[in-house]
There are 2 protein chains.
Amino acid sequence: MTQTYSLPQVQVALPPLERFEEYLQSRKMRSTRQRRVIVEEVFSNHDHFDADDLLDQLRQSKSDEKVSRSTVYRTLDDLVDAGLLRKMTLNGRTVFEHDYGYPQHDHLYCQKCEQLIEFHSNELEAIRAAVGREHNFRVTGHRFIITGICSECQVARRPVRPLDLI
Amino acid sequence: MTQTYSLPQVQVALPPLERFEEYLQSRKMRSTRQRRVIVEEVFSNHDHFDADDLLDQLRQSKSDEKVSRSTVYRTLDDLVDAGLLRKMTLNGRTVFEHDYGYPQHDHLYCQKCEQLIEFHSNELEAIRAAVGREHNFRVTGHRFIITGICSECQVARRPVRPLDLI
DNA sequence: ATTTATGCAAATCCTTTGCAAATCT
DNA sequence: AGATTTGCAAAGGATTTGCATAAAT
C-alpha cells in the first residue's frame, strides 16, 4: 500500500522551530537551548504577548529551562527578522503575534477588555493598492486597527481606556 | 456700510489657542504663559512632531520664552485631551499631529525618508463600519497606516528602515 | 580551538512624579 | 490669599549594551 514513487515536492510549511533553525543557519547563527525553548514557548499558543508575558510563561513552564531577559529580547527580534513574528505597538505596549504560517489579518481592539480580535478584509487590500497607486507609492505593508467596544463589553459597565496610543 | 443687525451665530472654528483656553476654563485650569507659547508653537506649522522636536522648536524661537521638558509633556497630554492633537506611535516614537479643525485622514509612511503622507478614503470608513457590524463591535475609531517607499525615494538608493514598530 | 551566545549589571531612552518655589485668578 | 502650575531633579519602565563566562560548531 505504500507508494514508493516520488511526488513533485510540494512546498509544505515547516514547523516554526525548523523554519527558525533554517534562518539561523543561513546567518551562521547557532541553535542554542534558549532559542529553541523560546520558539517552542512562543508557538505553543496563539495569543498576542509582550516580552514580559513571555518571560513569565518561560518561568512557569519547565522550571529548569531558564532564559534571561536579555536573551528574550534578543531572540524576539531575531524571530521578527526571521519572519516568524510580527511586532507592533498597542497602547504603548510592544506586542508580538505569530506571522509565520498565519494568514494576513488586521485587528479590532476593545478599549475595555483590551482584547484583540482578528479579521480579514479583501476590500482593504484593494484600498491599499488604490491609495498607493494614486500617490505613486510602492506599498510593502500596512497596519490597520479598529478601536471600540467589543460585544461582551457593551453590556458590562467598565471604564474605557484612554487610548491615545494606538 | 457697516451692518449692525445681528446674524444667527454660525459655528465658526475658533483659533486653536482660544479653543484651548475654553477647554482650560471648563476644567478650572489656568491659562499660563507656557501653555500659550506651546499652543502657538504647535499650531505654527503642520508637521508631525514628538516631544523633543517641540522642545527644540521652542528653544529656537523667541529665546526668552523657556518651557521645561515636563511642562511640554504635560501640556501635550492636555492638548490631546482637549481634542486639539492626536497622539500615535510610529516606529517606536510617540508623534503628535493636529486634530482640531483638521479633516479625518490616514497615512502613508515612507520607510526610507520616514515621511508621512496624508490621504483620505471614504471606502475605508465603509469597511470599518462593515467589520464592526459583523463582529457586533461598537467602533469608535481606527488607525490605518500604509508602509512602503514614496515616489521620491523609489529613485534614490537609500537603506530601508527595519520598520517593525509601526 | 574558535567563535558565537548568554547572563548579569549597568547604561540608555523616554516619560512621569514629588515637591518647593513661582504664577495665576 | 488661595489654588494651580512650573521647573528641577529624581524615579520609573522598557529595552539595549559591554563584557566576562558558557556553550555551540
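Lettering follows sequence order; numbering is per chain, from 1. This one's a predicted model, so the numbers in the text were calculated from it and none came from an experiment.
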Cluster link Met88(A) to Phe144(B), ILVMFWY, side chain under 4.5 Å: no
Measure the distance from [atom1] on [X] to [atom2] on [N] and round it to the nearest whole Å.
{"X": "Arg69(A)", "N": "dA11(C)", "atom1": "CZ", "atom2": "C1'", "answer": "16 Å"}
{"X": "Phe96(B)", "N": "dC14(C)", "atom1": "CZ", "atom2": "P", "answer": "13 Å"}
{"X": "Arg33(B)", "N": "dT25(C)", "atom1": "CZ", "atom2": "P", "answer": "14 Å"}
{"X": "Gln34(B)", "N": "dA22(C)", "atom1": "CD", "atom2": "P", "answer": "14 Å"}
{"X": "Arg30(A)", "N": "dT2(C)", "atom1": "CZ", "atom2": "P", "answer": "13 Å"}
{"X": "Leu24(B)", "N": "dC24(C)", "atom1": "CG", "atom2": "P", "answer": "13 Å"}
{"X": "Asp78(B)", "N": "dT16(C)", "atom1": "CG", "atom2": "C1'", "answer": "14 Å"}
{"X": "Arg27(A)", "N": "dA5(C)", "atom1": "CZ", "atom2": "P", "answer": "12 Å"}

[X]: what forms a side chain to side chain donor-acceptor pair (under 3.5 Å) with it, not counting sequence neighbours?
{"X": "Arg69(B)", "answer": "Asp52(B)"}
{"X": "Thr32(B)", "answer": "none"}
{"X": "Asp56(A)", "answer": "none"}
{"X": "Asn122(A)", "answer": "His120(A)"}

Output the residues of residues 35-47 of chain A in contact with DNA chain D, where contact means a heavy atom of the residue under 4.0 Å from an atom of the strand; sort by number or write none. none
Polar atom pairs (N or O), protein with nucleotides 8-10 of chain C, under 3.5 Å:
{"from": "dC8(C)", "atom 1": "N4", "to": "Ser70(A)", "atom 2": "OG", "distance (Å)": "3.3"}

Could you go through residues 16-29 of chain A and list every donor-acceptor pair under 3.5 Å that involves a side-chain atom there, pairing it with any protein atom two or more places apart or in another chain?
{"from": "Glu21(A)", "atom 1": "OE2", "to": "Ser31(A)", "atom 2": "OG", "distance (Å)": "2.4"}
{"from": "Ser26(A)", "atom 1": "OG", "to": "Tyr23(A)", "atom 2": "O", "distance (Å)": "2.6"}

Axis deviation across the helix from dA1(C)-dT25(D) to dT25(C)-dA1(D), five-pair ends, to the nearest 10°: 30°
Side chain to side chain donor-acceptor pair (under 3.5 Å) between Thr140(A) and Gln111(B): does it pass, once the steps are laid out? CA-CA 9 Å; Thr140(A) 60; Gln111(B) 292 170 253; 2.8 Å; yes
Residue pairs involving residues 96-108 of chain A (criterion salt bridge (charged side-chain N to carboxylate O under 4.0 Å, His left out); sequence neighbours excluded): Arg86(A)-Glu97(A)
Students should find this one: the first and last nucleotides of DNA chain D, 5' to 3', lying under 4.0 Å from a heavy atom of chain A. What are they? dA14(D) to dT25(D)
Side-chain donor or acceptor of [X] paired with backbone N/O of [Y] under 3.5 Å:
{"X": "Ser61(A)", "Y": "Leu58(A)", "result": "yes"}
{"X": "His98(B)", "Y": "Val42(B)", "result": "yes"}
{"X": "Tyr100(B)", "Y": "Ala13(B)", "result": "no"}

Assign each of Lys28(B) and Thr71(B) to its nearest nucleotide of DNA chain D by heavy atoms, then name whichever residue's nucleotide is nearer the 5' end. Lys28(B)
Just list the side-chain donor-acceptor pairs under 3.5 Å for residues 127-136 of chain B, sequence neighbours left out, or say none.
{"from": "Arg128(B)", "atom 1": "NH1", "to": "His142(B)", "atom 2": "ND1", "distance (Å)": "2.9"}
{"from": "His135(B)", "atom 1": "ND1", "to": "Val131(B)", "atom 2": "O", "distance (Å)": "3.1"}

Residues in ring pair (Phe, Tyr, Trp, His ring centres under 6.0 Å) with Tyr73(B), at least two apart? none
Using 30° and 60° as the class boundaries, would you call the ring planes of Phe49(A) and Phe96(A) parallel, tilted or perpendicular? parallel
Is the phosphate of dT6(C) approached by Thr32(A) (side-chain N or O, under 4.0 Å from OP1 or OP2)? yes
Assert: residue with more 5' nearest nucleotide on DNA chain C, out of Tyr73(B) and Val72(A), is Val72(A)
